[in-house]
Amino acid sequence: MTVDPSTAGPPDPVAARALLGRGLALGRPAVGEPALDLVWGEGPVLLEGTDNLAQDLAVALLTPLGSDPFNTGFGFDGLRVLSLALGPLLREQLLRVAVIRTLLADNRVADVVDVTLGPLDAARRQEVRATVRTAAGELPMTLGEVDQG
């Protein structure tokens, strides 16, 4: 859930904060746990701008499509793709399409420039990296992992 350094330089922080919003920081409670919990310092930690957008997109990718009773269109449809009997190349392309759909569902994302799924590791997980175009600029980010195990 991090914004990667860009070769073009970061977007204007004031514009990014205004256009991409702010929210409470979330973190993993323990290593290997899929759940997210609030991060506390001397109170709740706030994220703004590009960091907030990266976290919101990562949460959307961690939420199964239709599992939010108040917004059934929110979430990631990758579990359906993983349940199909497909070859590895077709599965990877359909996962990329599911990631792109999830990213484009956020109204702060104008366009998805690139989505890269890393190689499968020993635990059958792939890192998801994406570059999205927003009103605040083009943002490369690491969004998390897809678990195929």
Side-chain angles (χ1 to χ4, degrees), residues 1-6 10-11 16-17 19-41 43-149:
M1 296 188 297
T2 60
V3 175
D4 299 334
S6 172
R17 185 175 31 242
L19 295 169
L20 304 178
R22 76 170 75 175
L24 296 172
L26 301 174
R28 294 189 186 274
V31 176
E33 293 291 321
L36 296 174
D37 199 1
L38 293 175
V39 174
W40 290 87
V45 177
L46 291 176
L47 292 179
E48 296 180 329
T50 57
D51 291 331
N52 182 55
L53 176 62
Q55 175 178 277
D56 291 349
L57 294 175
V59 167
L61 289 171
L62 289 172
T63 305
L65 183 66
S67 65
D68 181 351
F70 301 106
N71 185 0
T72 56
F74 179 77
F76 178 57
D77 196 24
L79 293 176
R80 183 184 58 80
V81 172
L82 295 175
S83 68
L84 299 173
L86 303 170
L89 292 176
L90 184 56
R91 179 182 297 125
E92 184 165 323
Q93 291 306 311
L94 288 176
L95 275 174
R96 287 184 75 246
V97 169
V99 169
I100 290 168
R101 280 188 183 153
T102 303
L103 298 177
L104 288 174
D106 191 304
N107 62 2
R108 296 169 290 181
V109 175
D111 189 25
V112 177
V113 177
D114 183 44
V115 171
T116 305
L117 297 174
L120 277 174
D121 64 12
R124 297 195 45 83
R125 292 183 176 194
Q126 288 180 286
E127 183 180 68
V128 178
R129 297 173 55 85
T131 301
V132 298
R133 189 171 293 120
T134 69
E138 199 169 284
L139 306 171
M141 55 186 73
T142 300
L143 297 170
E145 294 179 335
V146 173
D147 189 353
Q148 295 190 26

Handout entry: Passing option when Arg129 is tested against Thr116, Asp114, Thr142 for side chain to side chain donor-acceptor pair (under 3.5 Å)
Key =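 Running side chain to side chain donor-acceptor pair (under 3.5 Å) over Thr116, Asp114, Thr142 with Arg129 returns exactly one hit, Thr142.
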
Determine yes or no for a side-chain-to-main-chain donor-acceptor pair under 3.5 angstrom, with [X] supplying the side chain and [Y] the backbone.
X	Y	answer
Asp111	Val113	no
Thr63	Val59	yes
Gln126	Gly118	yes

[atom1] of [X] to [atom2] of [Y]: how many Å apart, nearest 0.5 Å?
X	Y	atom1	atom2	answer
Gln55	Leu20	CD	CG	13.0 Å
Leu19	Thr50	CG	OG1	11.5 Å
Leu90	Leu84	CG	CG	8.5 Å
Asp56	Leu103	CG	CG	12.0 Å

[X] versus [Y]: any side-chain heavy-atom pair under 4.5 Å?
X	Y	result
Leu65	Arg80	no
Asp106	Leu53	yes
Glu138	Thr131	yes
Val97	Val81	no
Phe76	Val99	yes
Arg96	Leu117	yes

What heavy-atom pair brings [X] and [Y] nearest, and what distance separates the two atoms?
X	Y	value
Ala25	Leu47	CB-CG, 3.8 Å
Arg91	Leu86	NH2-O, 3.0 Å
Thr102	Ala60	CG2-CB, 3.7 Å

Handout entry: Residue that, paired with Leu46, satisfies side chain to side chain contact (heavy atoms under 4.5 Å, CB included) out of Asn52, Leu24, Asp51
Key =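 The side chain to side chain contact (heavy atoms under 4.5 Å, CB included) with Leu46 is passed solely by Leu24 among Asn52, Leu24, Asp51.
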
